[in-house]
Amino acid sequence: MEEYTTKQGTENLDDPPNSRLFAVTSRSITEDELRESFSSFGDIQGVWVVKDKQTKESKGISYVKFAKSSQACLAMEEMHGKVLVEGTKPIKVFIAQSRSSTRHRDVEDEELTRIFVMIPKTFSEEDLKNTFKEYGDIEYCVIIKNKSTGESKGLGYVRYYKPSQAALAIENCDKITVVVDVYVMMLLSSLAYRAILAEPRTKAAATEEYSRGSAGGEYMGAADSMNQYAFPMADPGNYPVMDYRSGDITRCLMISTRAALTQEQIFALFDIIPGMEYCELQRDAYGMSKGHALIRYSNLGSAVYAKEKLNGFEYPPGNRLAVNFVDDGEDRSSPVGRMAMQFVAAQMMTAVWNGPSTSQVMKPPGFSSVSQMPRIQTDVNLPPLKKLALPDSKAKERLFVVFSPSPLPPDVLEDVFCRFGSLIEVHLVPGRKVGYMKYADKQTRPWQCAPRSGRQRSKDEGDAGRSSQRGISQASSYLLRRTARKMTVHAFVT
DNA sequence: CGACGGGACGC
DNA sequence: CGACGGGACGC
């Protein structure tokens with residue numbers, strides 16, 4: 001009861017901006033009814049029906065305060081024109097004018113759907129669209145360019161169709177999101193931006209913008225769609241008959257053979273594919289081979305590759321090996337884990353399918369030598385490893401990082417974050433889920449790695465500053481023994 | 001048409 | 001668990 005009218009100090013009413021609704025309703029509508037109707041759109045911080053001082057009757061005006069602008073906008077979009085109570089007039093819903101503002105003009109969608117954002121100068125309008133389309137449908141993107149030279153000024157406008165989409169963009173684009181799935185050792189990352197609502201243009205110019213804008217919109221619409229977060233799922237036609245998307249992929253393989261093979265022979269054969277971490281010939285009570293061997297790789301890609309290449313392989317000649325996935329007891333029930341697995345499988349299969357048909361095929365694509373298997377496979381073109389700065393260098397820039405649900409091991413973080421600058425050290429705050437990456441140089445946008453496009457992936461060589469190479473195998477096995485979970489990292493340049 | 005309150009414990 | 005800013009459209 002009391003929480004309905006919990007006091008919102010007047011400062012709160014406009015914080016964050018555009019998070020409060022102004023509603024025109026029938027005078028019979030109560031706070032309870034409003035709260036009931038609007039609660040599904042977000043966290044309501046207060047509902048207030050304006051009443052006549054003397055009679056206490058509603059004046060048919062109400063305010064609903066949400067925690068976020070995107071919630072308020074969504075509620076507005078969905079509830080405007082709705083009949084709350086049978087027989088009453090449809091309600092009108094607008095974003096409320098800020099309390100300090102004296103104007104009582106409705107806030108128009110025009111003011112709520114266009115954002116203004118600073119972007120890398122290298123960004124094309126298509127890059128801009130690809131970056132911001134994850135928050136909603138984009139009507140058009142415009143980059144401000146130097147009129148004479150045509151070069152970008154590093155500023156852009158993005159027009160969404162709905163206020164809630166622009167609000168979501170503003171609320172979320174300032175996070176560098178890094179998703180690491182330890183189970184398949186995959187990392188996705190995106191850039192961080194600071195976007196604000198664009199100040200409306202002058203009226204005279206606004207009409208002109210429409211013609212320009214919609215033309216741009218159509219142009220963009222035809223452009224290819226490469227979402228940084230999208231898993232490049234296979235189009236089925238391009239993949240071999242075996243359905244690797246069913247989810248039955250594991251890092252473990254069972255090898256069946258009719259010929260008597262020694263453990264050493266099987267080891268030698270399957271060790272050609274990098275990442276083998278376990279090989280055991282199964283024997284009976286008398287130590288005789290039962291014709292089966294168990295192999296485990298450190299990653300799914302290697303296992304998929306091994307099965308693809310060695311299932312049916314004659315070894316020794318005349319003896320066909322059977323190679324199949326077996327349950328490795330890992331938890332892969334999470335949706336993210338499954339997607340990640342499908343992703344890796346698709347990636348590996350693509351490589352197998354299109355890869356070089358030469359004699360050196362035993363090497364999984366993308367790795368120049370057996371010892372070079374990176375422990376983190378990425379969906380972006382990570383920069384190569386860089387040498388660490390001297391430990392006593394002074395920090396020119398820090399990255400503040402929030403982990404969810406828990407921090408990754410420091411050595412893994414070092415492997416990832418050293419690629420974006422001269423990393424001095426990884427500092428995890430003990431007992432907390434935050435940490436700092438200290439850099440000796442200034443790298444205004446350390447995350448400008450382009451997403452890998454579905455089909456041709458360039459190699460993640462990492463021409464290994466030898467110093468960063470140490471300790472990798474230990475790190476891998478450490479990681480793999482853990483229960484795999486998606487890790488989300490939000491990072492902020494400090 | 002339709003624009004801004006009442007009551008305030010928590011260190 | 002999230003500190004600061006910078007920054008504007010052929011009118």
Side-chain angles (χ1 to χ4, degrees), chain A residues 2 4-10 12-14 16 20-27 29 31 46-53 56 58-65 89-107 114-119 121 125 140-148 150 152-159 171-172 174-177 192-213 216 397-407 429 431-436 444-445 488-494:
Chain A
E2 271 127 33
Y4 281 17
T5 49
T6 42
K7 72 132 185 260
Q8 341 161 334
T10 31
N12 259 2
L13 296 178
D14 295 315
R20 194 173 57 123
L21 293 181
F22 167 62
V24 183
T25 72
S26 158
R27 296 176 191 272
I29 297 297
E31 287 186 357
V47 178
W48 172 36
V49 172
V50 179
K51 298 180 181 120
D52 182 282
K53 280 273 191 358
K56 304 285 191 181
S58 162
K59 293 161 79 172
I61 296 166
S62 307
Y63 294 92
V64 181
K65 172 72 173 72
K89 65 175 180 181
I91 63 172
K92 298 183 222 172
V93 186
F94 307 94
I95 293 294
Q97 284 288 354
S98 70
R99 205 77 205 282
S100 53
S101 156
T102 52
R103 302 232 94 29
H104 280 175
R105 189 187 97 255
D106 292 347
V107 180
R114 194 176 66 140
I115 64 170
F116 175 61
V117 62
M118 183 173 276
I119 51 178
K121 290 216 168 55
E125 276 158 6
Y140 64 84
C141 294
V142 175
I143 286 177
I144 303 172
K145 305 191 186 85
N146 180 318
K147 252 74 82 182
S148 43
S152 167
K153 290 184 176 170
L155 298 170
Y157 295 100
V158 178
R159 173 78 76 180
E171 288 163 10
N172 297 316
D174 63 342
K175 300 173 178 65
I176 297 170
T177 302
Y193 303 89
R194 173 187 303 273
I196 59 176
L197 275 182
E199 216 55 59
R201 309 182 70 187
T202 60
K203 287 202 186 85
T207 49
E208 214 237 291
E209 177 191 318
Y210 260 119
S211 48
R212 246 190 339 117
E397 185 171 74
R398 282 187 319 163
L399 210 55
F400 176 70
V401 179
V402 182
F403 303 96
S404 174
S406 56
V429 180
R432 323 290 302 255
K433 297 192 288 192
V434 301
Y436 294 92
T444 41
R445 291 295 180 196
T488 303
V489 181
H490 292 310
F492 307 85
V493 177
T494 82

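Order of the sequence lines fixes the chain letters, A, B, ..., with proteins taken first and strands second; residue numbering starts at 1 for each chain.
- The side-chain tip of A/Arg114 points at the ring of A/Tyr157 from less than 6.0 angstrom away and within 45° of straight on.
- Looking only at distances, no side-chain donor or acceptor of A/Asp174 sits under 3.5 Å from a matching main-chain atom of A/Tyr193.
- Rounding to whole angstrom units, NZ of residue A/Lys53 and P of B/dG7 are separated by 12 Å.
- Nearer the 5' end of DNA chain B, as judged by each residue's closest nucleotide, is the contact made by A/Val107, out of A/Lys56 and A/Val107.
- Atom CZ of A/Phe94 and atom C1' of B/dC1 are 10 Å apart (whole Å).
- In this structure, the OH atom of A/Tyr193 is 16 Å from the C1' atom of C/dG6, given to the nearest Å.
- One donor-acceptor pair, N or O on each side, does fall under 3.5 Å between the base of B/dG2 and the side chain of A/Asp106.
- Evaluation of the salt bridge (charged side-chain N to carboxylate O under 4.0 Å, His left out) rule for A/Lys145 yields A/Glu125 as partners, not counting sequence neighbours.
- In this structure, A/Arg194 does not reach the C/dG5 phosphate: none of its side-chain N or O atoms is under 4.0 Å from OP1 or OP2.
- If you check distances only, the side chain of A/Lys147 never reaches the base of C/dG10 with a donor-acceptor pair under 3.5 Å.
- Taking the syn range as angles within 90° of 0, the glycosidic angle of B/dC4 is outside it, so the base is anti.
- Applying the 4.0 Å criterion to OP1 and OP2 of C/dA3, one finds that A/Arg398 has every side-chain N and O outside that range.
- Of all nucleotides listed (C/dC9, C/dG6, B/dA3), C/dC9 comes nearest to the side chain of A/Lys153.
- Here A/Ala23 lies out of heavy-atom contact (under 4.0 Å) with every strand.
- Contacts of A/Arg105 classified as salt bridge (charged side-chain N to carboxylate O under 4.0 Å, His left out), with partners at least two apart in sequence or in another chain: A/Glu111.
- Counting to the nearest Å, the P atom of B/dG2 and the NE2 atom of A/His104 are 14 Å from each other.
- The aromatic rings of A/Trp48 and A/Tyr63 lie parallel to each other, with less than 30° between the two planes, well short of the 60° mark.
- We find that CG of A/Asp52 is positioned 13 Å from P of B/dG2, with the value rounded to whole Å.
- Between A/Glu199 atom CD and C/dG7 atom P the separation is 16 Å, expressed in whole Å.
- Here A/Tyr63 packs flat against the base of B/dC4; its ring centre is closer than 5.5 angstrom to the base's six-membered ring, tilted by less than 30 degrees.
- Heavy-atom nearest nucleotides on DNA chain B were determined for A/Lys51 and for A/Val24, and the one closer to the 5' end corresponds to A/Val24.
- For B/dC9, the glycosidic angle deviates from 0 by 90° or less, giving a syn base.
- Contact annotation for A/Lys89: backbone-only contact, meaning every heavy-atom pair under 4.0 Å involves sugar-phosphate atoms and none involves a base.
- B/dA3 atom P lies 7 Å from atom NZ of A/Lys59, rounded to whole Å.
- For a distance-only test at 3.5 Å, the side chain of A/Arg20 qualifies as a donor-acceptor partner of the base of B/dC4.
- Between A/Arg432 and A/Ala195, the residue whose closest nucleotide on DNA chain C is further toward the 5' end is A/Arg432.
- For B/dA3, the base adopts the anti conformation, since its glycosidic angle falls more than 90 degrees from zero.
- Stacking between A/Phe400 and C/dA3 is absent: the ring centroid is not both under 5.5 Å from the six-membered base ring centre and under 30° in plane angle.
- Checking B/dG5, B/dG2, C/dC11 against every side-chain atom of A/Arg201, the shortest atom distance belongs to C/dC11.
- With hydrogens and angles disregarded, a donor-acceptor distance shorter than 3.5 Å links the side chain of A/Glu31 to the backbone of A/Val49.
- What separates CD1 of A/Ile119 from P of C/dG6 is a distance of 19 Å, to the nearest Å.
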